[in-house]
Amino acid sequence: MAFTGYHMGRVAFATLVAIFVAGANAIDIFLEWNVALDNTIQPVCLKQPVITINGKFPGPLINTTTNDFVHVNVFNNMEEPLRFTWNGIQQRLNSWHDGVSGTNCPILPGKNWTYVFQTKDQIGSFFYFPSINFHKAAGSFGPIQAEFDLLIGDWIFDSYNVSALKIYSWSLIMEDKQMAFQAIPDIILINGKGPYGHPLSKSYEFYSVTKGKTYRFRISNVGTALSFNFRIQNHQMVIVGTEGSCTNQITLDSLDVHVGQSYSVLVTADQNEVDYYIVATPKLINNTGSRNLDGVAVLHYSNSITNVSGPLPTGPDPFDLEFSVNQAKSIRWNMTAGAARPNPQGTFNVTNVTLSQTFILQNSVAEIQGHPRYVVNNVSYLTTNTPLKLADYLNNGLGWIELVFKNHLDFMDSWHFDGFGFYVVGFGNGEWTEESCKTYNLLDPVVRSTVQLYPGGWSAVYAFLDNQGMWNLRSQNLKNWYLGQELYLRVHDDDPNPAKERPPPQNLLRCGN
Ligand SMILES: *[C@@H]1O[C@H](CO)[C@@H](O)[C@H](O)[C@H]1NC(C)=O
Ligand SMILES: *[C@@H]1O[C@H](CO)[C@@H](O)[C@H](O)[C@H]1NC(C)=O
Ligand SMILES: *[C@@H]1O[C@H](CO)[C@@H](O)[C@H](O)[C@H]1NC(C)=O
Ligand SMILES: *[C@@H]1O[C@H](CO)[C@@H](O)[C@H](O)[C@H]1NC(C)=O
Ligand SMILES: *[C@@H]1O[C@H](CO)[C@@H](O)[C@H](O)[C@H]1NC(C)=O
Ligand SMILES: *[C@@H]1O[C@H](CO)[C@@H](O)[C@H](O)[C@H]1NC(C)=O
Ligand SMILES: *[C@@H]1O[C@H](CO)[C@@H](O)[C@H](O)[C@H]1NC(C)=O
Ligand SMILES: *[C@@H]1O[C@H](CO)[C@@H](O)[C@H](O)[C@H]1NC(C)=O
Ligand SMILES: *[C@@H]1O[C@H](CO)[C@@H](O)[C@H](O)[C@H]1NC(C)=O
């Protein structure tokens with residue numbers, strides 16, 4: 001059941017708001033995906049290869065409720081290996097299906113393989129995308145759970161292979177490595193469509209609403225590099241969720257969404273019945289003059305006969321990071337929301353936990369054996385042919401750890417932890433020190449799986465390591481990830497009890513050594 005095609009036409013239909021569908025009876029959902037390269041989709045009026053799923057871009061919706069088992073049989077019709085990962089899905093005790101290079105062999109060209117995962121006690125907004133090479137820059141991302149899904153992301157006009165090559169070679173020839181890595185994408189797409197009114201757009205995204213009703217929008221940043229500010233002209237939004245928790249319901253004029261993050265917001269159609277702009281404008285980019293990266297869609301009232309016109313609604317100064325940090329700090333866990341919480345990680349109160357270890361992870365760029373790389377604590381991850389040959393940090397996991405991410409670069413970064421929801425306890429400028437802990441919010445931090453890192457700043461999270469397996473910790477920024485900014489955390493228990501970690505699945509792929 002519940003395998004729904006994505007919006008076929010220009011109009012995305014509204015569904016009424018249903019807050020947190022609690023999954024009473026888990027069911028099995030079987031999906032078949034044919035993944036292929038398509039040169040005719042053309043999100044903008046330019047020829048470039050786009051990776052489609054069942055002919056669609058973005059890919060189809062995975063419509064699940066809590067605890068469902070999802071089986072996705074992926075047929076790789078491309079000429080190169082392929083893997084998918086499920087952003088924010090915790091894969092309890094089961095890193096075998098996580099779909100990243102350290103834990104899964106790729107699906108070879110002409111072959112198929114079935115991913116199986118359970119959306120165990122999870123709430124929130126999630127999405128999926130292809131996890132190796134530069135595939136994410138060629139599409140094939142899609143939503144998990146629906147209402148009004150807005151998959152928003154920067155887009156590069158070059159073919160994904162050309163982009164990968166450019167990032168690599170630019171950095172080789174540029175003196176200033178930091179600058180070299182700042183390749184700026186060309187445009188922002190909303191659900192695979194170009195901006196309203198943009199000369200290269202073939203179509204634009206369009207949401208039809210009825211006056212007086214309230215709608216849930218799930219906004220995900222599926223891009224490769226840029227954070228954006230999201231807003232709807234003349235409308236406010238009430239934020240209700242992140243990738244992993246119900247948040248306190250604060251009303252916002254606009255919302256910053258960083259690469260790899262998802263939010264749920266409620267929007268009430270309470271304005272005059274005309275059309276309004278929906279915009280996503282890039283952060284930390286001077287988007288004036290000849291450069292125009294703004295993503296633009298339309299909110300259409302069903303009785304409206306007046307098209308949008310005039311300037312786009314203004315948002316916060318894209319360089320005002322204080323705005324962004326303050327907003328992030330104001331987004332807190334809603335302690336009274338009666339819904340299922342991510343379990344068991346999201347049921348803790350972190351006020352008094354005892355940390356067993358603090359890991360400080362610092363990103364930077366470096367030249368290693370003549371090649372440009374992104375590094376974490378001076379180490380860069382290189383994809384090997386044989387997965388699972390990686391870090392082995394923690395014996396007998398099951399404890400609280402603190403991760404401090406330090407961003408020594410001049411641009412935004414964001415970090416994601418597969419397999420876990422973590423508590424975002426703090427952000428700060430400059431150097432993190434032991435003293436910084438005094439500024440943490442330990443009372444009601446949100447649970448999520450991707451945290452943003454401000455330029456020159458740090459972000460701190462707490463995670464409870466109760467999910468045995470080999471888990472990917474990575475930059476969501478595609479070029480950083482591509483050039484080595486990832487590592488694996490092995491959460492290990494000597495006890496082979498399958499209740500602690502699932503044994504390899506029957507369809508385990510083997511590769512490398
Ligand atoms: C998702 O599945 C639910 C439950 O089967 C169904 O009511 C709903 O219409 C589906 N949503 C979409 C967008 O297909
Ligand atoms: C991209 O490069 C890979 C090898 O790295 C190759 O197999 C694939 O065919 C290329 N794709 C396109 C569309 O050029
Ligand atoms: C490949 O697809 C076939 C046909 O749908 C299916 O029976 C088989 O289990 C799939 N193979 C794997 C490894 O998932
Ligand atoms: C928390 O969630 C509940 C249920 O959704 C809602 O009624 C309440 O207003 C929320 N509390 C805050 C502070 O947002
Ligand atoms: C942005 O660029 C414009 C010219 O296109 C310039 O006038 C302005 O000062 C720049 N703003 C920032 C913050 O760099
Ligand atoms: C509004 O725009 C659509 C296409 O974008 C066009 O077909 C229609 O005529 C326009 N309506 C008005 C009233 O300008
Ligand atoms: C935290 O510790 C304080 C003082 O030791 C105690 O009063 C409180 O109940 C504890 N809270 C939790 C959630 O354990
Ligand atoms: C990285 O290497 C540099 C130079 O070798 C050294 O000064 C620095 O302390 C190292 N940083 C970390 C985080 O290990
Ligand atoms: C955690 O416990 C503290 C008291 O120790 C309390 O003030 C706080 O509200 C609790 N937080 C949550 C999320 O329940």
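Hydrogens, waters and symmetry mates are skipped; everything else that's a heavy atom, side chains included, is used. For ligands, and for the atoms within them, numbers begin at 1 and follow the listed sequence.
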Do N112 and ligand 3 have an N or O pair less than 3.5 Å apart?
->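 Between N112 and ligand 3, an N or O pair is found under 3.5 Å apart.
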
So, is T114 polar-close to ligand 3, with some N/O to N/O distance under 3.5 Å?
->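 Yes; the residue has a nitrogen or oxygen that sits under 3.5 Å from a nitrogen or oxygen of the ligand.
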
Any donor-acceptor pair under 3.5 Å linking the side chain of N133 with the backbone of H135?
->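 Not at all, since once roles are kept as given, no pair shorter than 3.5 Å links the two residues.
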
Check for a donor-acceptor pair, side chain of Q48 on one end and backbone N or O of I156 on the other, with a separation under 3.5 Å.
->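 Checking the backbone N and O of I156 against the side chain of Q48, a donor-acceptor pair under 3.5 Å is found.
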
For the residue pair G223 and K136, what are the closest heavy atoms and their distance?
->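 Residues G223 and K136, closest heavy atoms: O-NZ, 2.8 Å.
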
Mind checking whether S475 and Y374 have side chains closer than 4.5 Å, heavy atoms only?
->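 No; the side chains remain at least 4.5 Å from each other.
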
Given side chains that start at C-beta, do those of V70 and L31 come closer than 4.5 Å, heavy atoms only?
->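 Counting from C-beta outward, V70 and L31 do come under 4.5 Å.
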
Can you label the angle between the W86 ring and the F117 ring as parallel, tilted or perpendicular, going by 30° and 60°?
->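 Correct class here is tilted.
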
Aromatic rings W333 and Y423: how do their planes relate, parallel, tilted or perpendicular, breaks at 30° and 60°?
->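 Correct class here is perpendicular.
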
Please name the residue in the list F57, F127, F84, F129 that meets the ring-ring contact (aromatic ring centres under 6.0 Å, His included) test with F141.
->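 Running ring-ring contact (aromatic ring centres under 6.0 Å, His included) over F57, F127, F84, F129 with F141 returns exactly one hit, F57.
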
Quick one: does N248 get an N or O within less than 3.5 Å of an N or O on ligand 4?
->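 Min N/O separation from ligand 4 is not below 3.5 Å for N248.
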
Cation over ring, R83 on Y115, under 6.0 Å and within 45°?
->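 No; the conditions do not both hold, so R83 does not lie above the ring face of Y115.
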
May I ask you to list the atoms of ligand 3 that are less than 4.0 angstrom from any heavy atom of E32?
->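 Selected atoms, number and element: 5 (O).
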
Against heavy atoms of F75, which atoms of ligand 3 measure under 4.0 Å?
->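 Those qualifying, in numeric order: 2 (O), 5 (O).
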
Residue N334 vicinity, atoms of ligand 4 by number, heavy atom under 4.0 Å |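 That gives atoms 1 (C), 2 (O), 3 (C), 8 (C), 10 (C), 11 (N), 12 (C), 14 (O) of ligand 4.
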
Short N or O separations between ligand 2 and the protein, below 3.5 Å:
{"from": "ligand 2", "atom 1": "2 (O)", "to": "N161", "atom 2": "OD1", "distance (Å)": "3.4"}
{"from": "ligand 2", "atom 1": "2 (O)", "to": "N161", "atom 2": "ND2", "distance (Å)": "2.3"}
{"from": "ligand 2", "atom 1": "11 (N)", "to": "E80", "atom 2": "OE2", "distance (Å)": "3.4"}
{"from": "ligand 2", "atom 1": "11 (N)", "to": "Y160", "atom 2": "OH", "distance (Å)": "3.3"}
{"from": "ligand 2", "atom 1": "11 (N)", "to": "N161", "atom 2": "ND2", "distance (Å)": "2.9"}
{"from": "ligand 2", "atom 1": "14 (O)", "to": "N161", "atom 2": "ND2", "distance (Å)": "3.3"}

